[in-house]
Amino acid sequence: VISMSWKNITLTQEETIAIVTLNRPKVLNALNTETLNELYKVFTQLDGDTGIRVIIITGSGKAFIAGADISEMNTYTPDEARAFSQLGHKTMDAIQNTGKPVIAAVNGFTLGGGLELALACDIIIASENAVLGLPEVNLGLIQGFGGTQRLPRLVGKARAKELIFTGEALKAPRAYEIGLVNKVVPQEDLLPEVEKMAQVISRKGPVALTLAKSGIDSGYDLPLSDGCNKEIVAFVESFSSQDREEGIKAFLEKRKPVFTGK
Ligand code: HXC
């Protein structure tokens, strides 16, 4: 994969799966400017890496991410606050817009900017001990990395308002009940379970996965008929791919497909 040394994250690869791990456990992986810059770079690079089919993001230690770095924000001027929010949005957009499926493996505190980052991922799997919330109002702040926009789209307006107004965090089983996370698994099974799902996805046609992801995300805010028209265009694009040729041929020949992502 990418030969580059990172300060606040680690990047490992298992076959075609990349694992990005937030690695500032002393501050519960709080997101500072340097970490956001590294995340932006790593996701941009992974996006262009044809050897990678699925990306997992997780945290080291007892937290996924406890939020934006409060110590760094403490001295911000309004202009610096704007730049920080813009950098956060740019980073979350890079995560959401990569053509590869991204799974967040949330393993403990998933708060503020940390939950906002998870919301930019395609799928969230939580360990039983995970705690998810947007506590910004406790600090007199609102969300700055997309939480006021992505959370209501995922769980509905009323539930998003309750979470944001009270600042109260949800335990993983309740987060599952309201559709905030896809699945809850025992803590020790978190990475193995997420890797299992990533492996299943990694064997599917990459062109189809990219088109399905962008179809869902770009169609979500459109009127149904516009979204359906986009689907027709994307369907034809998948149909015109070498992956589709190989996928259908392999089915008819009763063998496993070998997709190239073309
Ligand atoms: C900076 C943080 C941090 C954060 C924890 N730490 N969260 N540092 N920014 N968001 C640091 C602590 O200061 C402490 O450092 C160390 O990590 C361990 O944390 P503790 O508090 O000792 O751990 P614990 O008692 O287990 O409590 C865990 C916790 C608590 C409940 C998660 O740390 C907490 O409430 N953190 C803040 C959560 C939060 O408000 N997040 C939203 C931030 S605003 P020391 O040096 O004392 O050991 C946000 C806005 C995003 O995210 C948008 C911006 C544009």
Side-chain angles (χ1 to χ4, degrees), residues 6-10 20-41 43 57-96 102 104-121 124 126-155 159-175 180-181 184 187 190:
W6 309 93
K7 202 168 148 217
N8 303 318
I9 62 177
T10 61
V20 177
T21 305
L22 275 297
N23 195 22
R24 285 215 306 158
K26 274 196 188 134
V27 288
L28 309 184
N29 302 321
L31 296 171
N32 59 0
T33 296
E34 197 178 41
T35 307
L36 289 169
N37 277 321
E38 289 192 355
L39 283 170
Y40 177 78
K41 275 190 210 139
F43 271 87
I57 181 159
T58 193
S60 65
K62 68 173 181 179
F64 176 62
I65 301 167
D69 190 317
I70 298 171
S71 319
E72 184 181 298
M73 286 192 294
N74 179 39
T75 59
Y76 277 173
T77 63
D79 280 343
E80 287 169 334
R82 178 180 298 105
F84 188 59
S85 178
Q86 285 170 336
L87 172 63
H89 275 278
K90 185 178 95 164
T91 306
M92 303 313 148
D93 288 349
I95 294 172
Q96 179 163 336
V102 183
V106 306
N107 53 298
F109 295 111
T110 303
L111 301 175
L115 178 55
E116 295 178 283
L117 188 150
L119 289 166
C121 300
I124 307 176
S127 62
E128 273 166 356
N129 65 321
V131 172
L132 300 93
L134 293 174
E136 282 89 342
V137 289
N138 294 327
L139 305 168
L141 282 173
I142 71 158
Q143 293 62 45
F145 297 164
T148 61
Q149 304 308 307
R150 289 194 178 92
L151 186 63
R153 282 166 170 77
L154 187 62
V155 302
R159 280 186 167 131
K161 283 175 177 167
E162 182 181 339
L163 279 167
I164 288 172
F165 295 172
T166 65
E168 277 168 16
L170 302 179
K171 291 180 176 158
R174 179 65 186 151
L180 177 57
V181 303
V184 181
Q187 195 178 350
L190 180 64

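Both ligands and their constituent atoms are indexed starting at 1 by order of listing. As the structure is a prediction and not an experimental result, all values here were calculated from the model.
- Using a 4.5 Å cut-off on side-chain heavy atoms (C-beta onward), Q149 and H89 make no contact.
- Of the protein's non-hydrogen atoms, the one nearest atom 53 (C) of ligand 1 is G144 N, 3.3 Å.
- For atom 5 (C) of ligand 1, the nearest protein heavy atom lies under 4.0 Å away.
- With values rounded to the nearest 0.5 angstrom, L87 atom CG is found 8.5 Å from M92 atom CE.
- Each of the following atoms of ligand 1 lies closer than 4.0 Å to a heavy atom of E136: 44 (S), 49 (C), 50 (C), 51 (C), 52 (O).
- A side-chain hydrogen bond (donor to acceptor under 3.5 Å, both in side chains) with R24 is found for exactly one of D69, N8, N29, namely D69.
- Of the heavy atoms in A66, both backbone and side-chain atoms come closer than 4.0 Å to ligand 1.
- Scanning all protein heavy atoms for the shortest distance to atom 9 (N) of ligand 1 gives I70 N, 2.9 Å.
- The nearest protein atom to atom 30 (C) of ligand 1, hydrogens excluded, is given as L28 CD1, 4.6 Å; this is a heavy-atom distance.
- Here the protein heavy atom with the shortest distance to atom 54 (C) of ligand 1 is F145 CE2, 3.7 Å.
- In this structure, E34 and N37 have side chains that are not in contact, with every pair of non-hydrogen atoms separated by 4.5 Å or more.
- In this structure, the side chains of I9 and N23 stay at 4.5 Å or more apart for every pair of heavy atoms.
- What sits closest to atom 27 (O) of ligand 1 on the protein, heavy atoms only, is F109 CZ, 4.4 Å.
- V27 CA, 3.9 Å is the protein heavy atom nearest to atom 11 (C) of ligand 1.
- Side-chain contact between L154 and P152 is absent, with no heavy atoms from C-beta onward closer than 4.5 Å.
- For atom 20 (P) of ligand 1, the nearest protein heavy atom is 4.0 Å or more away.
- Near E116, meaning under 4.0 Å from any of its heavy atoms, are these atoms of ligand 1: 51 (C), 53 (C).
- For the side-chain contact (heavy atoms from CB on, under 4.5 Å) with L134, the qualifying choice from L115, L163, T166 is L115, the only one to do so.
- Residue contacts with ligand 1, taken as heavy atom pairs separated by less than 4.0 Å, involve A68 via backbone and side-chain atoms alike.
- Counting only heavy atoms from C-beta outward, the side chains of T110 and I124 never approach each other to under 4.5 Å.
- Ion pair K90/D93 not flagged as a salt bridge, since none of the NZ, NE, NH1 or NH2 atoms sits closer than 4.0 Å to an Asp/Glu carboxylate oxygen.
- For atom 34 (C) of ligand 1, the protein comes within 4.0 Å by no heavy atom at all.
- Within the 4.0 Å heavy-atom criterion, the part of L139 lying near ligand 1 is the side chain and not the backbone.
- Close contacts between ligand 1 and F84 involve ligand atoms 54 (C), 55 (C) [criterion: under 4.0 Å to a heavy atom].
- A pairwise comparison of heavy atoms in F145 and G113 identifies CD1-CA, 3.7 Å as the closest pair.
- Residue K62 places at least one N or O, backbone or side chain, under 3.5 Å from an N or O of ligand 1.
- Under the 4.5 Å side-chain criterion, counting only non-hydrogen atoms from C-beta, I142 is not in contact with I164.
- The contact set between ligand 1 and P135, taken as ligand atoms under 4.0 Å from a residue heavy atom, comprises 39 (C), 40 (O), 41 (N), 42 (C).
- Contact annotation for atom 45 (P) of ligand 1: protein absent (non-hydrogen atoms, distance under 4.0 Å).
- Scanning the protein for heavy atoms near atom 16 (C) of ligand 1, the closest one is K26 O, 3.2 Å.
- The side-chain heavy atoms of F64 and L117, taken from C-beta on, include a pair separated by under 4.5 Å.
- Of all atoms in ligand 1, numbered sequentially from 1 with element shown, those under 4.0 Å from a heavy atom of L111 are 32 (C), 38 (C).
- An N or O contact shorter than 3.5 Å links G113 to ligand 1 by distance.
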